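First up is the structure itself, then whatever we jot down about it.
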Amino acid sequence: MKRNLVCIAVSLMMCIMFTGCSVVEPMYTLTEEEEDAIVAYSAKIISKYNRRQGDGFTRVTKPKEEKESYSETETPAPAPENTDLSIEGGEGTAEGVSAASGDGSRHEAVNPITFEDAFGLSNASITYNGFTISDHYMEDNVISLDAKEGKDFLCMKFTITGKDADVVMVDILSLHPRFHLYTDASNVVDNDNTVLMHDMATFQDAVSAEKGSDVVLLFQVPTGSVSEEADNLALTMTMDGKDYDIIL
C-alpha cells in the first residue's frame, strides 16, 4: 500500500512538471531605465509622506509595558486620509445625486478669492493654464491612470511660481484642501485623491521665480458631458470648514 502511494505521488509530480511550464507565463524583465524610474518615484512618495523624515536614522527600542487604562467611553480614532494611488472621485449635484452637465449655466460665485489669499501665499503665485479632457492621465511616463468606465478625466492645469529669485517653500499638503468643480450651476464633482507628485492638492515643494512647478487637479466627469471649449466651469474649495470660490 505504501509503495502504491509513493508511485501515485511521483506520477502527480511528473504531471505537474510537464504541464506547468506551458501555462506559466515568464515574468516581465524591467530595463535599467524602468527600474531607475520606479525607484526614484517610490523614494519621492515615501519622503513626501514620511512625517519623521527629518529624524533620519533612529535606534529602535522596545517600549516599556504600561498598564492599560480603561474608561467607560472610548473615543474612536480619526479615519486616516485617503492617500491610495487608486483614484476615488466623487460627483453629484448639490443634493448628492450625480447628473450629466451641459445646460450652459454657471455657478454663481460668492465672495470670490484667489489661491494666494486662500492659501496665505505672500511670496508665490498660482496661475491657471486651462484644462484638457482624456480617458487617461500619465505623469512623467511613470504613472498612468485610467478613468472609470463611462468617465473622462478633466485635468485642470496650474503653475506655482515664486515672486522673486529667493526660494520659498509652498506647502499645500498640510492645509488639506478639497476642491469641487462645477460643470454648470447645479452639477459638481470633487477632485480625485491621488499620490501623484504633481497633484496640487498634495503639493509640497520649493519654488522660485526661475523655477516653478506645474501641477494638476483631476476630476472625473461623464464622457461627453463637457467640451474642451466649455467656458462655464467654476472651481470652489473647502478648507478648515470654510468654502471658497476660487478666481481662475
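Heads up: numbering here begins at 1 and tracks the sequence. All values reported here derive from a predicted model rather than from experimental measurement.
At distances below 3.5 Å, at least one donor-acceptor pair connects side-chain atoms of R106 with backbone N or O atoms of D231. Side-chain atoms of Q204 never come within 3.5 Å of backbone atoms of I172 as a donor-acceptor pair (strictly under, hydrogens ignored). A donor-acceptor contact shorter than 3.5 Å links the side chain of D245 to the backbone of V110. In this structure, N123 contributes its side chain and D164 its backbone to no donor-acceptor pair below 3.5 Å.
A distance of 11.5 Å separates CG of L196 from CE of M138, quoted to the nearest 0.5 Å. To the nearest 0.5 angstrom, N129 atom CG is 11.0 Å from L248 atom CG. Note that the CD1 atom of I133 and the NZ atom of K151 stand 13.5 Å from one another [nearest 0.5 Å]. From C155, atom SG reaches atom CG of L218 across 5.0 Å, with rounding to the nearest 0.5 Å. A distance of 8.5 Å separates CE of M156 from CE of M200, quoted to the nearest 0.5 Å. The distance from the CZ atom of F203 to the CD1 atom of I126 is 8.5 Å, given to the nearest 0.5 Å.
Shortest non-hydrogen contact noted between V168 and A124 is CG2-CB, 4.4 Å. Between A209 and A165, the closest heavy-atom pair is CB-N, 4.2 Å. A pairwise comparison of heavy atoms in S186 and D184 identifies N-OD1, 3.0 Å as the closest pair. The two atoms that bring H107 and A234 nearest to each other are CB-CB, 3.9 Å, heavy atoms only.
Looking only at side-chain heavy atoms (C-beta outward), F119 and P177 come within less than 4.5 Å of each other. In this structure, the side chains of V188 and L181 stay at 4.5 Å or more apart for every pair of heavy atoms. Here the side chains of L233 and Y182 are not in contact, with every heavy-atom distance at 4.5 Å or above. Counting heavy atoms from C-beta on, the side chains of I143 and M197 never come closer than 4.5 Å. Two residues are said to be in side-chain contact when any heavy atoms from C-beta on lie closer than 4.5 Å; T114 and I246 fail this criterion. Within the 4.5 Å cutoff, the side chain of Y137 has heavy atoms near those of the V216 side chain.
Using a 3.5 Å distance cut-off with no hydrogens or angles, the side chains of D243 and T238 do pair a donor with an acceptor. H198 and D140 are linked by a side-chain donor-acceptor pair at a separation below 3.5 angstrom, with hydrogens and angles left out of the test. Donor-acceptor pairing under 3.5 Å is recorded for the side chains of S174 and D171. Using a 3.5 Å distance cut-off with no hydrogens or angles, the side chains of H180 and N191 do not pair a donor with an acceptor. No side-chain N or O of Q220 forms a donor-acceptor pair with one of D152 less than 3.5 Å apart.
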Derivation of the side chain to side chain contact (heavy atoms under 4.5 Å, CB included) call for L235 and F179
CA-CA 7 Å; L235 184 66; F179 299 93; 4.2 Å; yes
Working note: T194 + D199, criterion side chain to side chain donor-acceptor pair (under 3.5 Å); need CA distance, chi angles, decisive distance, verdict.
CA-CA 7 Å; T194 79; D199 191 330; 2.6 Å; yes
Where do V226 and L154 land on the side chain to side chain contact (heavy atoms under 4.5 Å, CB included) test, with the steps shown first?
CA-CA 9 Å; V226 180; L154 191 152; 3.9 Å; yes
Trace of the side chain to side chain contact (heavy atoms under 4.5 Å, CB included) decision for T161 with V207:
CA-CA 6 Å; T161 311; V207 298; 5.9 Å; no
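Ring pair F158/Y128 is tilted by interplanar angle, where 30° to 60° counts as tilted.
Note on L175 and M237: same hydrophobic cluster, where clusters join Ile, Leu, Val, Met, Phe, Trp and Tyr whose side-chain heavy atoms are under 4.5 Å apart, directly or indirectly.
Sparse packing is recorded around NZ of K157, with 12 or fewer heavy atoms of other residues, nucleotides or ligands lying under 6.0 Å away.
Under the side-chain hydrogen bond (donor to acceptor under 3.5 Å, both in side chains) criterion, the residue pairs touching residues 205-214 are T159-D214, with sequence neighbours excluded.
Here F131 and F219 keep their ring centres 6.0 angstrom or further from each other.
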